[in-house]
Amino acid sequence: MKFPGEPFKIKVVEPIEQTTREERDRLIREAGYNVFNLPARSVYVDLLTDSGTSAMSDNQWAGMMLGDESYAGSRNFYHFQESVRSIFGFRNIIPTHQGRMAEYLLFSVVVKEGDQVPNNTHFDTTRANVEHNRAAALDLAIDEAFDPHSEHPFKGNMNVSKLRNLIERVGRERIPLVMLTVTNNSAGGQPVSIANVRAVKSLLDEFGIPLFFDACRFAENCYFIKTREAGYEGKSILEIARELFSYGDGCTMSAKKDALVNIGGFVALNDDRLAEGITTKLILVEGFPTYGGLAGRDLEAIARGLVEVLDEDYLRFRIGQVRYLGELLDKAGVPIVKPIGGHAIYLNAKEFLPHIPQSHYPGQGLVVSLYRDYGIRGVEIGTVMFGTKDSKTGTPIYPKLELVRLAIPRRVYTNTQIDYVAEAIIELYQKRDQIRGLKMVHEAPVLRHFSARFEVI
Ligand code: F0G
């Protein structure tokens, strides 16, 4: 067998329209060469994100029909709370409509102007929400995280000595919390080991600093722990998750990833005083604490998805499908980030397109060609997303990595479609010298990648 087979069969299908290269050429031009502006119906295989794109199970859909849409005290909230608590173990469970609202609420209560928030690597909305509170978002992943060739099994790990230096330099009072993103999305979907979590935890205990997780892809992270970290092979994913979160004081979660739903999120934490502050804000911007911006049926789907995602047959298939795509590309010499991460393949655009300088957005150029020539939509994770300017001189500051992420939605695409993606990229790699760079002609002040517009150079 090529890889672990699907532990499910298809009951409902969604037709995909086929488009021609000419149509896509026009559409991408009209979209300002930004794939966020494309109509999704014009995409054949959509690898823009694994977020909110999962196929739900029959059991989740059945749960949707049991939505109790009471304003307060919906029975689905209690089920959701029980399901979250049984995995994460935190006392206060606060539902939100998606992950960034959980971040917004947590940081607006915990972070003050001038604070510093370390993370292994902030996701873009996490960084934006820290900075929105006039605090600094610091990425302190281990050095290997920035080396696309390093085969370190836990490239998501935090650099504990850098973290110690930071705390000693700026002082405990300026660091309201430390975050660990599991898996580390922005640096390649790479896992964090339990050993690293323990080391971070014991350092933070010395200073009394709380540890929070950005838990979006926790089950995928736990699967890597089970298959790569000594001592965990015999444990269930649930046992590993419980141990992982036992070292934390709370978490934010976008349920749109590892809760296998299309919308939802939560903040969970032990501190009752902070939870009260967050709940007060929640009522202002989201809703009553037993629904937090979601319908009762959405809470039910999360409660059930969190159980399904812990299933090892599911995770073996999931991680196996991503690895299968990565190995096809790797064998053909296409430069990708290694080891292969949990939810996505990351093309190394700097090596794919050595003729395009970072100032001409090689990652974006690759994304545009992949769509125009093959109808595949990926996303740039490089200068468009993370590039900044020096606040005094205006000189551009480039990120270390220039990547294109091909995120695989959960339980959505068949392996025939995965084969198509591999063949397309291999063909594109063979004609890579035809790909051109871009010039940014419009950008918003924050999260510019969503709305930026480009012209071909
Ligand atoms: N944290 C991480 C690590 C994420 O990957 C995301 C979303 C969020 C927080 C925010 O969650 O979208 O529910 O508000 N990542 C998606 C992605 C959008 O494509 O990687 P959200």
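In listed order, ligands and their atoms are each counted from 1. The first residue in the sequence is number 1, and the count goes up from there. Since the model is a prediction, treat every value here as computed from it, not as a measurement.
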Please classify the [X] to ligand 1 contact at 4.0 Å (heavy-atom distances, strictly less than): side chain, backbone, both or neither.
| X | result |
| --- | --- |
| Lys256 | side chain |
| Glu103 | side chain |
| Arg405 | side chain |

- Item | Residue pair Ile302 / Ala259: nearest heavy atoms and the distance that separates them | CG2-CB, 4.0 Å

- Note on the structure: Heavy-atom nearest pair, His449 first then Asn34, reads O-ND2, 3.0 Å

Which atoms from ligand 1 have a heavy atom of [X] less than 4.0 Å away?
| X | result |
| --- | --- |
| Cys216 | 1 (N), 2 (C), 3 (C), 4 (C), 9 (C) |
| Thr181 | 3 (C) |
| Thr49 | 16 (C), 17 (C), 19 (O) |

- Item | Option of least heavy-atom distance to atom 6 (C) of ligand 1 (set: Arg217, His343, Lys257) | Lys257

- Query: For ligand 1, is there an N or O atom under 3.5 Å from any N or O atom of Leu48?
  - Reply: no

- Task: Using distance alone, determine whether Asp214 and ligand 1 share an N or O pair under 3.5 Å.
- Result: yes

- Task: May I ask you to check whether Tyr44 and Tyr374 place their ring centres under 6.0 Å from each other?
- Result: no

- Yes or no on ring-ring contact (aromatic ring centres under 6.0 Å, His included) for Phe8 and Phe317, after CA distance, side-chain angles and deciding distance? CA-CA 10 Å; Phe8 51 80; Phe317 158 74; 5.2 Å; yes

To the nearest 0.1 Å, how far is [atom] from its closest protein heavy atom, and which atom is that?
| atom | result |
| --- | --- |
| atom 8 (C) of ligand 1 | Phe123 CD2, 3.5 Å |
| atom 10 (C) of ligand 1 | Thr125 OG1, 3.5 Å |
| atom 13 (O) of ligand 1 | Ser254 OG, 2.6 Å |
| atom 12 (O) of ligand 1 | Arg100 NH2, 2.8 Å |

- Which of these, Phe80, Phe77, Tyr71, Tyr78, sits in a ring-ring contact (aromatic ring centres under 6.0 Å, His included) with Tyr291? Tyr71

- Query: Is the closest side-chain heavy-atom distance between Tyr33 and Ile28 below 4.5 Å?
  - Reply: yes

- With a 4.5 Å limit on heavy-atom distance, are the side chains of Arg228 and Phe154 in contact? yes

- Query: Is the backbone N or O of Met64 less than 3.5 Å from a side-chain atom of Glu300, with the two atoms forming a donor-acceptor pair by type?
  - Reply: no

- Message: When you measure from the side chain of Ser42 to the backbone of Leu38, do you find a donor-acceptor pair of N or O atoms at a distance under 3.5 Å?
- Response: no

